[in-house]
Protein chains: 2
Amino acid sequence: MKIGEIAERVGVSTDTLRYYEKRGLIRSDRHTNGYRDFHKDVAERVRQIRLAQSLGFSLTEIEALLSTLDSTIPVDQLRQVLDEKLTEINQRISQLKQLRAAINLRLEQACPLNVPRG
Amino acid sequence: MKIGEIAERVGVSTDTLRYYEKRGLIRSDRHTNGYRDFHKDVAERVRQIRLAQSLGFSLTEIEALLSTLDSTIPVDQLRQVLDEKLTEINQRISQLKQLRAAINLRLEQACPLNVPRG
DNA sequence: CTTGACCTTAGAGTGCGCTCAAAGGTGTAG
DNA sequence: CTACACCTTTGAGCGCACTCTAAGGTCAAG
């Protein structure tokens, strides 16, 4: 797939895709004319990158995680790295729940009769 | 409290606190000598700002949320704004769970006998 | 009365993650 | 052959959230 096709599918600019490639987050082959040729799986990969980014992970962190997932390191090492990431994600979930609780609390203060949702 | 005390308590720089004040996220009185005098509640407020930031919210978003929480608008308007924010937080939680599921899946592929945690 | 840790301001600089501009090559339709 | 949408590269520019620099004021201890 050409760069414009991926860009339109995922909803990012072609500049962003070239930037991600330069950073090593995605890869491409080349057509004989020099155009990039992306495997269609790249679209899903970029979606995951954008998801992780929106959740507060930096490209450097995402890069590290993806390269671990891509690597052929021993399974127990992979498990260790991913377990750490899962712990981090679980922490973030509970932090978000904290934030939610704080907002609910403020809502109850303002309006004691209402029952908080969540 | 002087700016350095708040900074040390929360673990941010004094520059960051001055920046937040300029942006309107926090307030201070002044001593007669010109030094800022922060109410001690500001420490907790700054902690909440850092928490929200680490979860992917921009200062502009946080500013909007905090000014709503600070305001004396009618309760039903407040409820509406906060409900929207709660919906957003719930979405983020489920996105994080998605990310966690994706990692767990990858872990199972690498190591079929293990049971995923979460 | 000086040293040193704190505070003030204005304004410049930094790193991240894009985003745009310039100058040019490719490919298809009319 | 021309127009036009696509692609290429290099390098500059931008907004965000700080972070640092310069030049100076405050204040308690020795």
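Below, all heavy atoms of this structure are taken into account, side chains as well, without hydrogens, waters or symmetry copies. Naming convention: chains lettered A, B, ... in sequence-line order (proteins, then strands); numbering from 1 in each chain.
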Given 3.5 Å as the limit, does a donor-acceptor pair link the side chain of A:Glu8 with the main chain of A:Glu5, or not? no

Would you mind reading off the distance between A:Lys2 atom NZ and D:dA5 atom C1', rounded to a whole angstrom? 9 Å

Please identify the 5'-most and 3'-most nucleotides of DNA chain C with any atom under 4.0 angstrom from a heavy atom of chain A. C:dG17 to C:dG27

Side-chain contact test, heavy atoms from C-beta onward, threshold under 4.5 Å: evaluate it for A:Arg18 versus A:Asp15 and give yes or no. yes

Close side-chain approach of B:Glu88 to B:Glu84, heavy-atom, < 4.5 Å: no

Can the positive tip of A:Arg92 be found less than 6.0 Å from the middle of the six-membered ring of A:Phe57, inside 45° of the ring normal? yes

Among residues 13-28 of chain A, which residues get a heavy atom nearer than 4.0 Å to DNA chain D? A:Arg18

Quick one: CD1 on A:Ile93 to CG on B:Leu99, what's the gap to the nearest 0.5 Å? 9.0 Å

Does a side-chain heavy-atom distance below 4.5 Å link A:Leu66 with A:Ile49? yes

Between D:dC27 (C1') and B:His31 (NE2): distance, integer Å: 13 Å

DNA chain D-proximal residues of residues 34-64 of chain B, any heavy atom under 4.0 Å: B:Tyr35, B:Arg50, B:Gln53, B:Ser58, B:Leu59

For B:Phe38, is the NZ or CZ atom of B:Arg27 found under 6.0 angstrom from the centre of its six-membered ring and inside 45 degrees of the ring axis? no

So which atom in A:Gln95 and which in B:Ser54 form the shortest heavy-atom distance, rounded to 0.1 Å? OE1-OG, 4.1 Å

Tell me whether A:Arg36 contacts the main-chain N or O of A:His31 through its side chain, where contact means a donor paired with an acceptor under 3.5 Å. no

From the list A:Glu21, A:Arg23, A:Lys22, side-chain hydrogen bond (donor to acceptor under 3.5 Å, both in side chains) partner of A:Tyr19 resolves to A:Arg23

